[in-house]
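Count residues from 1 along the sequence.
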Amino acid sequence: EDEFTLENAIKTITSEFLLNEKQRNLLMNDLSDHRINDNNNENLIQDITFYNNGFKYFEFKDSDEHLNETIFNFINIYDTPEKIIAYLSKKAKVIGISATADINTVTGNYDLDYLSSVLKENLKFIPNEVYERIKMELECTWDAYKCGKVNVNTSIINLNKGNLDINSRLEEIFQSKKLANRYSIKLINKCGGVESSDYIIKRYCNIFAIIKEFVIHDDIKSFLCLNMVLPKRDIINFDLELFETAISDLAKIYNKSLNSGNIYVLKSENFDIDKENVLKRLSNNEKILIMSSYNTIGAGQNLQYEYPSLEGLIQIADGVDECDSRIKYKDIDAIFLGDITNIAVNMYNTSNIDEEALLKYFFQIEYLYENDEISYRTLDNLIKIGFNKYSKNNEYSNYYIDIKNTMSIKRQATRDVIQALGRISRTFVKNSNIYIYTVEELVGKVDVGCLHNKILTPEMKSFVKLVDGMGYRYNE
């Protein structure tokens, strides 16, 4: 005899209300309670944390205009990533491999403190003696940096430029009042009536300054320029055509002969094909500025390329097997780390957020509250902000600032910097001069104090030294 299941009962009842398929599925998921159940009775004290129980929000909106109706929204999440990892780890062996997973940021990494409290002695880390041995071996590999064979030059491209008017900044870059005035008019015509126009114009100036560095340094053959947005033709906030014009003008000013198509955009679409093309051109000794985004390059993307000869290059490790790919390829010569924005979901852009962004936002604030980085009052107000934004209400609130100033958000930016600099730290063949450029805004957002005693590449050490030198410190 066929069993009449709970799911069948729910379907029978909901069909009488003439609900559509999406509404039926929504109720099915809620009533059937499809959550991970861990029937482990070892813990005498019940786990009532957000990690184990998720969250459920209801928003009710009443108005005279609604007549006999009350509008409501609700979100119901049972399972968190930590809960899933903990469940899997109790059923099987799970191995986590990451260069940045131990940075303590609940918005950018799994919460290892929670996993440790749940898994207890079953959560294992690399023993200290193994960690120290790896650290010593890497320090020996990086000896060429200590003895001056490889130099890392790190600088802030817009240091103390914030108060300069646009013409003064452009004149400093282009070394010509006439050109500065021309670009000033272009930028004002392009961005003058746009929201955040001042920020956009300053970002243009930063990229012009980076292009200038690319042009004047003959030893920079490969340059990776990272921002939050990708340049495109005929868009207001990041126009590729304007950058191409700038590189042509700067080449004439400094009497440099550049190959055509020396700005190459790496985007998600056709990424593998485009990456293969640009790396092949770099292998042919072409001078190329690669423009991409943090999200596109991300963690794990390899951008090293074959080199025509070792002339002018430094091999940093001795006794390496000739078959080792790390001596057959070289790293990129220079990198620009643009400002990292919208780590916390942006609640104050002009457009409304979609369901995915709203869900990510709620996860972020719940993580921050669970780890005592925001108060309950702040959490309550941030939940209201999220629903209001989703419902097309752009009301501003100072509570949103509390998110951006939390430890986890700053350390997530730090994690992103480590991953970005990892793109130029993949091989044993280097230019004798490596260049790292960044902006004041990013330097003020990171927390390098959390990197104490961690294994850092020479490139990351140079960035940390720059931040320390500027006096930026996050205080918990």
Side-chain angles (χ1 to χ4, degrees), residues 36 49-52 79-139 226 294-303 337 340 342-345 360 363-373 403 406-426 442 445-461 463-464 467 474 476:
I36 291 176
T49 63
F50 147 72
Y51 295 110
N52 189 56
D79 301 320
T80 63
E82 282 77 6
K83 182 179 179 180
I84 295 169
I85 288 290
Y87 176 80
L88 291 175
S89 298
K90 291 177 180 179
K91 304 296 181 181
K93 290 184 178 180
V94 177
I95 300 175
I97 302 175
S98 172
T100 54
D102 61 344
I103 293 178
N104 188 14
T105 163
V106 293
T107 58
N109 283 328
Y110 294 114
D111 188 340
L112 296 181
D113 290 338
Y114 173 77
L115 290 176
S116 181
S117 69
V118 173
L119 299 175
K120 298 181 172 59
E121 68 279 357
N122 291 320
L123 179 62
K124 307 291 185 183
F125 295 91
I126 295 177
N128 287 335
E129 58 270 19
V130 176
Y131 187 85
E132 290 301 321
R133 188 177 76 245
I134 293 172
K135 189 175 182 179
M136 288 179 60
E137 290 175 355
L138 287 172
E139 291 297 339
L226 293 179
Y294 286 100
N295 289 337
T296 302
I297 297 301
Q301 288 294 345
N302 296 321
L303 295 176
L337 303 172
I340 298 177
N342 298 338
I343 297 176
V345 176
K360 180 180 178 181
F363 261 108
Q364 285 182 332
I365 61 178
E366 282 287 353
Y367 274 119
L368 294 173
Y369 173 69
E370 185 69 32
N371 287 273
D372 298 323
E373 296 187 49
I403 302 182
T406 58
M407 175 193 74
S408 284
I409 294 297
K410 287 183 174 292
R411 290 183 177 176
Q412 187 172 341
T414 308
R415 181 208 67 178
D416 292 346
V417 169
I418 294 174
Q419 292 176 351
L421 289 177
R423 300 315 97 218
I424 64 169
S425 309
R426 310 293 287 180
L442 180 58
K445 285 179 180 176
V446 297
D447 171 27
V448 297
C450 68
L451 303 178
H452 183 62
N453 286 333
K454 296 190 185 298
I455 298 175
L456 303 176
T457 65
E459 289 79 9
M460 189 62 202
K461 287 179 183 177
F463 182 86
V464 170
V467 176
Y474 177 77
E476 295 187 33

Please confirm whether the backbone N or O of I340 pairs with a side-chain atom of K445, one donor and one acceptor, at under 3.5 Å? yes
Checking S408 side chain against T105 main chain: does a donor-acceptor pair fall under 3.5 Å? no
Taking all atoms of both residues into account, what is the closest heavy-atom pair of L337 and A420, and its distance? CD2-CB, 3.7 Å
Distance-only check: which donor-acceptor pairs under 3.5 Å involve side-chain atoms of residues 122-138, not counting sequence neighbours?
from	atom 1	to	atom 2	distance (Å)
K124	NZ	E121	O	2.9
Y131	OH	I455	N	3.0

Output for pair (I403 CD1, I365 CD1), nearest 0.5 Å, gives 6.5 Å
Can you measure from CE (M407) to OG1 (T107) and round to the nearest 0.5 angstrom? 9.0 Å
Between V446 and the options D416, V467, I418, V464, the side-chain contact (heavy atoms from CB on, under 4.5 Å) test singles out V467
Please report the shortest heavy-atom distance between K461 and L456, naming the atom on each side. CE-O, 3.3 Å
Determine, step by step, whether I297 and L303 satisfy the side chain to side chain contact (heavy atoms under 4.5 Å, CB included) criterion, reporting the C-alpha distance in whole Å, the side-chain angles of both residues, the deciding distance to 0.1 Å, and the verdict. CA-CA 9 Å; I297 297 301; L303 295 176; 4.0 Å; yes
Using the rule side-chain hydrogen bond (donor to acceptor under 3.5 Å, both in side chains), only one of Y110, Y367, Y114, Y51 pairs with E82; which is it? Y367
Closest non-hydrogen atom pair between N109 and I103, with its separation: ND2-O, 2.9 Å
As an exercise, state the distance from CG of D372 to OG1 of T406, rounded to the nearest 0.5 Å. 12.5 Å
Could you give the distance from CG (D111) to CD (E370), rounded to the nearest 0.5 Å? 8.5 Å
What's the shortest heavy-atom distance between Q419 and R423, and which atoms? O-NE, 2.9 Å
Taking T414 for its side chain and D447 for its backbone only, find out whether a donor-acceptor pair lies under 3.5 Å. yes
Using every non-hydrogen atom in the two residues, find where R411 and N104 come nearest and quote the distance to one decimal. CD-O, 3.2 Å
S89 meets the side-chain contact (heavy atoms from CB on, under 4.5 Å) criterion, sequence neighbours left out, with I85, V94, L119
Any side-chain to backbone donor/acceptor pair from R415 onto G108? Under 3.5 Å, distance only. yes
Between the side chain of Q364 and the main-chain N/O of V345, is any donor-acceptor distance below 3.5 Å? yes
Could you pull out the closest heavy-atom pair between F50 and T80, with the gap in Å? O-CG2, 3.5 Å
